[in-house]
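Computed from a prediction, not measured in an experiment: that's the story for all the values here. Quick note: numbers below take in every heavy atom, side chains included, and nothing from hydrogens, waters or symmetry partners. The chains referred to below are lettered A, B, ... by the order of the sequence lines, with proteins before strands, and numbering in each begins at 1.
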Amino acid sequence: MDPEPKKGDDSPSNSCNSHGPLHPQSPFPDEVLEKVLSFVDSHKDRSSISLVRKDWYNAERWTRSKLFIGNCYAVSPEIVARRFRRIKSVTLKGKPRFSDFNLVPLDWGANVYPWLVMFAKVYPFLEELRLKRMTITDEGLELLAKSFPRFKALSLSSCDGFTENGLKAIASHCRNLTEINIQDSITEDVGGGWLSCFPENFSSLEILNFSILNGDVNFNDLERLVSRCKLLRVLKVNESITLDELQRLLVHGPRLTELGTGSFPQELTPRQYEDIETAFCNCRNLQVLSCLWEATSVYLPLLYGACASLTFLNLSVAPLQSGEFAKFLAHCPNLRCLWVIDTVEDKGLEAVGLSCPLLEELRVYPADPDDRDHRDGVTELGFLAVSRGCPKLHYVLYFCRRMTNAAVVTIVQNCPNFTHFRLCIMTPRQPDYLTNEPMDEAFGAVVKTCTKIKRLSVSGLLTDQTFEYIGQYAKDLETLSVAFAGSSDWGMQCIMEGCPKLRKLEIRDCPFGDAALLSGREKYERIRSLWMSACRVTMKGCKLLARESPRLNVEVIREEGGNEDQALKVYLYRSVAGPRKDAPPFVLTL
Amino acid sequence: MSSSEESYSYPDESDLELGLGLSLGGGKTKTKTKHLVAAGGGGSWDHYARILTAKDFAGVVSDKTSSSSSSSSSSSSITKVNTSGTKRTAESPCSPPGRSAIRFSYGSSQVVGWPPVRTYRMISMSNQVKSPVTEQLFSIDDKCKSKNADTPNPNHGSCKNNNISKENGFAKTSLFVKVNIDGVAIGRKVDLNAHTCYEALSRALDDMFMPSASVGGRGSNMEKQSSVAGKRQPVRFHDGSSDFVLTYEDKDGDWMLVGDVPWEIFLSSVRRLRIMRTTDAKGLGMRISTLS
């Protein structure tokens with residue numbers, strides 16, 4: 001098929017027939033407009049452009065090659081196919097974020113297959129598919145593999161539904177593949193056999209990330225694959241690959257910019273130790289290092305040679321103690337982004353404050369979220385230490401068991417540039433442990449001091465005061481996560497009335513009812529989605545909202561137990577596609 | 001693309017009771033089955049399997065017939081057992097491949113989806129961070145000695161030498177093998193060298209997959225290995241409604257019941273473990289007697 005769609009009646013240059021090729025009011029011809037627009041990448045800019053006037057709308061739709069759909073149900077494949085004709089790259093997001101934490105039942109939806117069927121018809125020259133929180137089956141992967149001869153990049157983040165067979169189809173058929181990136185996706189025991197299915201003459205891979213898969217891999221096939229893909233720059237292996245095997249894969253050492261290690265071996269001979277050390281020293285250009293499964297301190301020094309240019313260190317699956325962690329950090333002077341587990345404790349975070357002056361993002365995950373072992377983890381002191389040493393910090397995700405208002409006030413004074421502040425005090429409704437007061441002033445300080453705040457997750461004991469602060473000060477807020485917080489409907493009303501740029505709101509276990517829900521009725525078409533679970537919303541309130549808002553899909557997820565009037569899980573989102581046709585029986589669209 | 005959800009219908013769960021143990025949906029009648037959430041559907045489970053005893057549930061969660069259940073928003077949102085039916089065999093392109101859709105039961109201190117940490121992190125961390133716990137298991141090696149009098153166990157005197165835990169920072173003689181339990185996508189790992197006999201291993205696995213059972217009373221869910229007059233029995237777990245059997249894959253790729261061969265021989269030939277449903281294990285050619 002001709003890659004250039006034939007210019008039909010609705011093509012730009014014919015769109016203004018009655019006025020000839022040059023619209024009298026248009027300062028330049030459509031062809032020029034199209035050329036200029038072909039340089040505009042951002043989908044937000046493109047959305048704005050398309051709203052200016054009709055010929056701009058048309059020029060934009062003809063020149064858009066990257067499609068970003070933040071909610072797969074906000075639009076349908078048919079509508080997309082009619083509007084855009086030349087798409088090469090698609091990003092699709094599906095389930096609500098709380099599905100990551102088991103709040104959304106299985107088979108809720110977000111299956112990409114119908115989209116693939118449409119793309120196969122309309123965009124045969126598709127090159128990239130990036131999915132987040134969607135279901136893709138083996139049939140989907142096979143369709144993908146066989147329908148798009150130029151297909152290059154597959155990225156699956158937090159997806160499910162596929163097995164090794166689907167990946168085998170991709171490996172066997174996609175001759176021009178440059179990227180296979182499987183992150184955070186949970187699947188059945190997906191074997192690694194698909195890595196052996198790349199043809200012998202296949203050598204285009206640049207990005208290979210299979211770290212999350214738990215199947216065994218034929219090491220020899222992997223080694224051959226890696227050595228013939230001379231452009232490989234991102235390699236993240238799974239735990240079936242041990243460090244001594246990984247060393248043999250580092251043949252492209254200097255070209256690698258991102259590396260994910262496999263598991264650490266039980267024993268190494270001195271010779272092996274030397275070889276591995278040399279191999280890592282060879283990785284001079286490494287920017288990202290991750291996935292240190294079962295790292296033991298005896299072998300950590302092997303990695304030091306690769307850390308000089310490191311900007312992102314991901315230890316989120318490698319519980320280290322503070323001592324070995326501090327030693328490691330000493331070798332990473334250029335870190336901008338750090339993900340760790342709270343086994344490093346406050347002492348480890350002090351080392352961060354001392355060794356990482358350029359740090360911009362910090363995530364501290366809990367080793368023991370359910371508090372089974374009563375570990376200390378990190379406290380407000382660790383966070384304070386980081387804030388003192390890392391003034392450029394603007395993104396934080398922090399899981400802890402205790403926090404104080406005073407500490408947060410100081411932290412944001414030290415780091416006023418927070419754009420993402422996600423604080424999770426793990427015990428629900430926990431007050432300031434020193435004063436026993438609610439944590440309202442902490443989050444008040446965040447929104448007052450950090451004027452650029454875009455994303456906020458709140459926790460601890462919070463009254464409506466927190467939401468008053470947020471509504472009043474957080475004018476750039478786009479994403480808000482609320483759990484076990486608030487005193488009354490007023491809290492949510494403050495948010496709905498006060499945050500003009502809000503796009504995503506997720507709420508669980510809060511005393512917000514129908515009044516709160518309905519207070520946002522004017523706003524919901526401007527946000528992507530709202531999730532409310534275990535609140536006080538009733539079916540009556542949801543039905544009322546649904547009736548008033550034809551362009552909103554108001555879905556209630558029914559679960560066993562609970563009485564008929566309660567709407568225990570509500571997910572609402574704007575959509576031009578109407579109620580979805582693939583809703584499972586437990587999802588009621590009102 | 002038509003929705004083919006009808007064969008995946010949301011079953012009537014009116015007969016379900018909560019929290020009396022692990023069991024998997026395949027083939028069983030709906031009335032008595034509990035379901036574990038397979039880590040699929042993007043809904044990563046955030047809690048380990050637990051066999052809960054009745055006391056975990058006293059006054060906390062009520063079943064469908066009680067109207068006070070989860071009506072208070074100030075209570076934790078303990079999600080009711082929620083299933084999407086049994087494993088599918090026929091697949092349509094629009095639906096995910098067959099999976100048991102099962103959900104964990106939760107204890108009173110646990111809240112669904114809180115803290116908001118994804119499952120894969122919790123599993124891999126639980127494997128690594130918990131390794132100091134293996135030290136506790138050495139206290140039972142005396143018990144092993146007496147109970148398994150007919151089992152040659154040269155390790156028992158030197159089992160402490162096997163105690164290489166993470167805290168020494170040097171896992172010199174660990175023998176980690178993967179353990180999968182039927183119906184749960186994510187496997188775990190266990191260090192076989194941290195144990196001296198089958199019973200110790202059973203306890204460790206019991207802890208790992210059914211941890212609260214140990215609260216109620218160790219061994220209550222386990223058939224002791226030598227309970228029948230010196231004859232070796234397959235190592236089993238049982239939860240009252242469905243039996244599990246511990247099996248392993250040996251060097252030749254064959255699946256065998258654990259407990260057949262002496263411990264040392266087992267160690268030298270085991271590649272990985274699988275906790276299999278008794279119904280599936282029948283193909284292993286051993287007679288599996290049901291527990292009375």
Side-chain angles (χ1 to χ4, degrees), chain A residues 95 98-107 111 113-114 133 135 137-139 158 160-161 163 184 186-189 212 214 266-267 293-294 296-298 316-317 319 341 343 365-370 399 424 426 428 508-509 511 533-536 559-563 566 581-582 584-586, chain B residues 1 3 5 8-10 13 16 37 39-47 63-64 67 69-71 73-74 76-77 79-82 84 91 93-97 99 101 110-122 124-125 128-130 166 169-174 180 185-187:
Chain A
K95 301 176 208 187
F98 276 174
S99 71
D100 287 346
F101 317 122
N102 212 25
L103 287 176
V104 176
L106 295 177
D107 305 319
N111 193 315
Y113 195 84
R133 292 192 198 99
T135 296
T137 61
D138 287 344
E139 284 83 358
S158 240
D160 70 310
T163 74
D184 303 342
I186 309 287
T187 62
E188 296 279 344
D189 210 358
I212 198 69
N214 52 10
Q266 287 137 22
E267 261 181 78
W293 306 98
E294 296 164 30
T296 62
S297 58
V298 177
S316 63
V317 212
I341 304 179
T343 46
Y365 292 97
D368 177 26
D370 301 327
F399 285 86
C424 181
M426 286 190 272
R508 60 166 295 177
D509 293 273
S533 61
C535 296
R536 297 198 183 145
E559 293 191 323
E560 290 307 307
N563 63 59
Q566 287 179 304
K581 302 187 184 62
D582 64 350
F586 54 85
Chain B
M1 48 283 130
S3 164
E5 301 297 332
Y8 220 94
S9 60
Y10 197 56
E13 300 299 2
L16 275 176
V37 154
S44 335
W45 33 269
D46 55 0
H47 292 284
D63 61 21
K64 191 185 181 205
S67 58
S69 64
S70 42
S71 53
S73 63
S74 59
S76 315
S77 56
T79 303
K80 298 295 178 191
V81 177
N82 167 23
S84 335
E91 292 176 14
C94 295
S95 35
R99 293 194 297 269
Q110 309 270 316
V111 175
V112 180
W114 188 265
V117 180
R118 286 198 232 206
T119 298
Y120 70 88
R121 290 190 192 286
M122 302 184 52
S124 46
M125 280 176 335
Q128 302 172 59
V129 172
K130 270 191 181 318
K166 274 278 198 323
F170 196 70
K172 191 172 168 119
T173 57
S174 306
N180 283 78
I186 303 294

- Considering all heavy atoms of both residues, which atom of B/V112 and which atom of A/N102 are nearest to each other, and what is their separation? CG1-O, 3.8 Å
- Message: To check you understand the geometry: which heavy-atom pair defines the closest contact between B/V111 and A/R508, and what is its length?
- Response: CG1-NH2, 3.1 Å
- Note on the structure: For A/F399 and B/P115, the nearest pair of non-hydrogen atoms, with its separation, is CE2-CB, 4.0 Å
